Chemist: 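Right, I'll just put the structure down here and ask away after.
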Protein chains: 4
Amino acid sequence: MNMEMGDIARKAGLGRGTVYHYYNNKISLIEDLLIEAFEEAQKITMETLNTNESPLIRLEQYAKCQLRSWIKQPFVFILFKNLFQSEPIPIQNYDELLNNFQTHLYSPVTQAIEEGIHSGQFVSIQSETLVKLFFGTLIGTATSYIGKNNDLDEADRPNWIDDVITVLFKGLKA
Amino acid sequence: MNMEMGDIARKAGLGRGTVYHYYNNKISLIEDLLIEAFEEAQKITMETLNTNESPLIRLEQYAKCQLRSWIKQPFVFILFKNLFQSEPIPIQNYDELLNNFQTHLYSPVTQAIEEGIHSGQFVSIQSETLVKLFFGTLIGTATSYIGKNNDLDEADRPNWIDDVITVLFKGLKA
Amino acid sequence: MNMEMGDIARKAGLGRGTVYHYYNNKISLIEDLLIEAFEEAQKITMETLNTNESPLIRLEQYAKCQLRSWIKQPFVFILFKNLFQSEPIPIQNYDELLNNFQTHLYSPVTQAIEEGIHSGQFVSIQSETLVKLFFGTLIGTATSYIGKNNDLDEADRPNWIDDVITVLFKGLKA
Amino acid sequence: MNMEMGDIARKAGLGRGTVYHYYNNKISLIEDLLIEAFEEAQKITMETLNTNESPLIRLEQYAKCQLRSWIKQPFVFILFKNLFQSEPIPIQNYDELLNNFQTHLYSPVTQAIEEGIHSGQFVSIQSETLVKLFFGTLIGTATSYIGKNNDLDEADRPNWIDDVITVLFKGLKA
DNA sequence: CATGAATGAGCCTTCATTCAT
DNA sequence: CATGAATGAAGGCTCATTCAT
């Protein structure tokens, strides 16, 4: 929401007013991008958590795929950053979006982590704390890799995703 | 920077114009708060990392003290959030602040982590990655606990700091 | 001038840009409509005031025909409303139009009224005042009958024109 | 609504933004002015129509006082012009204002006119038509006297109000 | 010191107009 | 001829900042 419509237009190679052919206003532009991001995130969630693997394997897959998508589709990252940190966004159906986030993005991870705890694969710590730690680690770490200065090739730091996941899950394992 | 001067004044129990008796403008107000926060953070850094303990013990102390200070002095948290995530703040001496952050807050942690790696206490992963993971985990996790809705007593979730540190360092240990 | 070109185009069953094949711009569109309306109004003026009848008869004919034309050709009504009330319209040759209005639409009525006064048919009141009263009554009353809600058939209120003219001229008569 | 906030500010001798200390936005500014005007109009209505005089005398008083107030308080005039002509104004409680107009400004006149008809003082014409004629005449005539070019002293045309009322009521009388 | 009315730069948004197809 | 995507000038509104009291 801090971006100016003029900048957005310029980045899209358009004039200031042209953006309004595609979106009624700034808010609905953001809304559209967030909904698109939500759908992508939900797709990843379902593909990785709806398998027969153990919770640990599933969550590793989940984390890896999310991080990769965040690099390629920064708005998915922004979606998580904003909704996880519950910084209200002044879009029309914010509550609905927040609800959907809870139901379709947050809860599945919570359930997988609880499964992991109960099956003894994960440390025996309050699941709520582990979920916050899980997302916090992914988002917090990604924040320092996914910046405005995308002048760095991923080649420069090829394995950060794997490294982060290695350490994170070593910490989570029982 | 998203707060309005009117809100700041009201929270301080002052009229809109009175704030300008203490600060020349919004930027220097932020600057002052950030410098104050910087000094607090630096104090914590020195007190916890300048000891004879092993890197692991020192970093655990560091992490615990930082998290505690973030709860009580949110501006220290904001300082880390902004400078670590390199979202430029339009203050006058931003580069100087960033330099000081690098030198006095970021480097000491990097050095401790490198010590930990070389001494075999920590996993053998590129130190730069571990530092980002370290701060990312602390900041990212803290973000979901330190929100605008500070209506929750810390008593409600008493051990989250310990739990986070437990998991984080289990992941970092060799 | 408050209508949008998009609405005008849609009402004409055309695309937004197509209107510009027929008119250079909004102003010349309005100008054309007003000139057309002016010619219609002038026709009525000449047909009704250029007779050998008494001023009273002529002005009654004039009033009746104008009101009828206003119902069927709202732009004639708009012409009177705007030029009589001297709300300047930003068309190119506004002064010329205003001049023509004065010369060919306003003056003939003024002359007829002055004739009526001098011949003793009309009350002995400053002619300027009577002209303003005359047009004011017609335009003001018509305004409440000629609205956007043209869902009412004229059949619903069949005699308002006659009634208005009856009362108006009863007032004007000596 | 066609005025620009910049013009309004300049006419008030204020800067563009200062107007927003007194009104939240353009619409509520208009709303306030209209409500103020409504109260003035209602006061005049009550003072002139709530007497023991005959309908004719009362309505003459009413007409005279309204016209005088329109000169001195143009927003009262604007109120009548807009609500009588039912050009919807995009204020928040337009329907409420319209209702109040009907109840407290329009109906009392209608009743007085109906009284006049039934008592035989007025011509026997559908009351609705007479009301529209009554307001239409006042508003339409006033429109040509109350313009933006208020450079003309009232002294220049001292008796127009009396003349208009004379003619109007001569027309209305039985 | 304290205040809030006043200010205007800057941003969002609308809409008449252009132009490539 | 017809179209609608693209444009930018212009107006509404916000908010950091100033200043008279």
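Values reported hereafter were calculated over all heavy atoms of this structure, with side chains retained and with hydrogens, waters and symmetry mates removed. Every value quoted in this text rests on a predicted model; they were computed, and no experiment measured them. Here is the naming used below: chain letters follow the sequence lines, and residue numbers restart at 1 for every chain.
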Chemist: With sequence neighbours excluded, tell me which residues meet side-chain contact (heavy atoms from CB on, under 4.5 Å) with B:Asn24.
Modeler: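 For B:Asn24, the residues satisfying side-chain contact (heavy atoms from CB on, under 4.5 Å) (neighbours in sequence not counted) are B:Ser28.
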Chemist: Restricting to side-chain contact (heavy atoms from CB on, under 4.5 Å), what partner residues turn up for B:Gln92, sequence neighbours left out?
Modeler: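 So B:Gln92 forms a side-chain contact (heavy atoms from CB on, under 4.5 Å) with B:Glu31.
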Chemist: Could you check if a side-chain atom of C:Met5 sits within less than 4.5 angstrom of a side-chain atom of C:Leu29, using non-hydrogen atoms only?
Modeler: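 Sidechains of C:Leu29 and C:Met5: in contact.
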Chemist: The criterion is side-chain hydrogen bond (donor to acceptor under 3.5 Å, both in side chains); which residues satisfy it with A:Gln73, sequence neighbours excluded?
Modeler: A:Glu40
Chemist: Go through the structure and list residues passing ring pair (Phe, Tyr, Trp, His ring centres under 6.0 Å) with A:Phe80, not counting sequence neighbours.
Modeler: A:Trp70, A:Phe101, A:Phe135
Chemist: Can you measure B:Glu4 atom CD to F:dC13 atom P for me and round it to whole angstrom units?
Modeler: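 Interatomic distance, CD of B:Glu4 to P of F:dC13: 17 Å.
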Chemist: Mind jotting down which residue pairs meet the ring pair (Phe, Tyr, Trp, His ring centres under 6.0 Å) criterion with at least one end in residues 4-34 of chain A? Sequence neighbours excluded, please.
Modeler: none
Chemist: Rounding to an integer number of Å, can you tell me how far D:Met5 CE sits from F:dC13 P?
Modeler: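 Nearest whole value for this atom pair: 6 Å.
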Chemist: Would you grab the first and last nucleotide of DNA chain E (5' to 3') that comes under 4.0 Å of any non-hydrogen atom in chain C?
Modeler: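 Contact boundaries, 5' end first: E:dC15 to E:dT18.
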Chemist: Under the side-chain contact (heavy atoms from CB on, under 4.5 Å) test, which residues partner C:Ser144, sequence neighbours left out?
Modeler: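 D:Phe84, D:Lys132.
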Chemist: Could you go through residues 8-17 of chain D and list every donor-acceptor pair under 3.5 Å that involves a side-chain atom there, pairing it with any protein atom two or more places apart or in another chain?
Modeler:
from: D:Arg10; atom 1: NH1; to: D:Asp7; atom 2: OD1; distance (Å): 3.4
from: D:Arg10; atom 1: NH2; to: D:Asp7; atom 2: OD1; distance (Å): 3.2

Chemist: Which is true for D:Met3 with a 4.0 Å heavy-atom rule: it touches a base, it touches only sugar-phosphate, or it touches nothing?
Modeler: sugar-phosphate
Chemist: Starting from the 5' end of DNA chain E, give me the residue, A:Asn2 or C:Met1, whose nearest nucleotide shows up first.
Modeler: A:Asn2
Chemist: Are D:Leu83 and D:Tyr94 packed together at the side-chain level, in the sense that at least one heavy-atom pair is separated by less than 4.5 angstrom?
Modeler: yes
Chemist: Given that both pair distances must be under 3.5 Å and the pair must be Watson-Crick or G-U, what runs of three or more consecutive pairs involve DNA chain E?
Modeler: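 Correct response: E:2-21 with F:2-21.
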Chemist: Under the rule for side-chain contact (heavy atoms from CB on, under 4.5 Å), what residues qualify as partners of A:Ile30, not counting sequence neighbours?
Modeler: A:Met1, A:Leu34, A:Ile89, A:Ile91
Chemist: Quick check on contacts: within residues 12-25 of chain D, what sits under 4.0 Å from DNA chain F by heavy-atom distance?
Modeler: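 Nucleic-acid contacts, sorted: D:Arg16, D:Tyr20, D:Asn24, D:Asn25.
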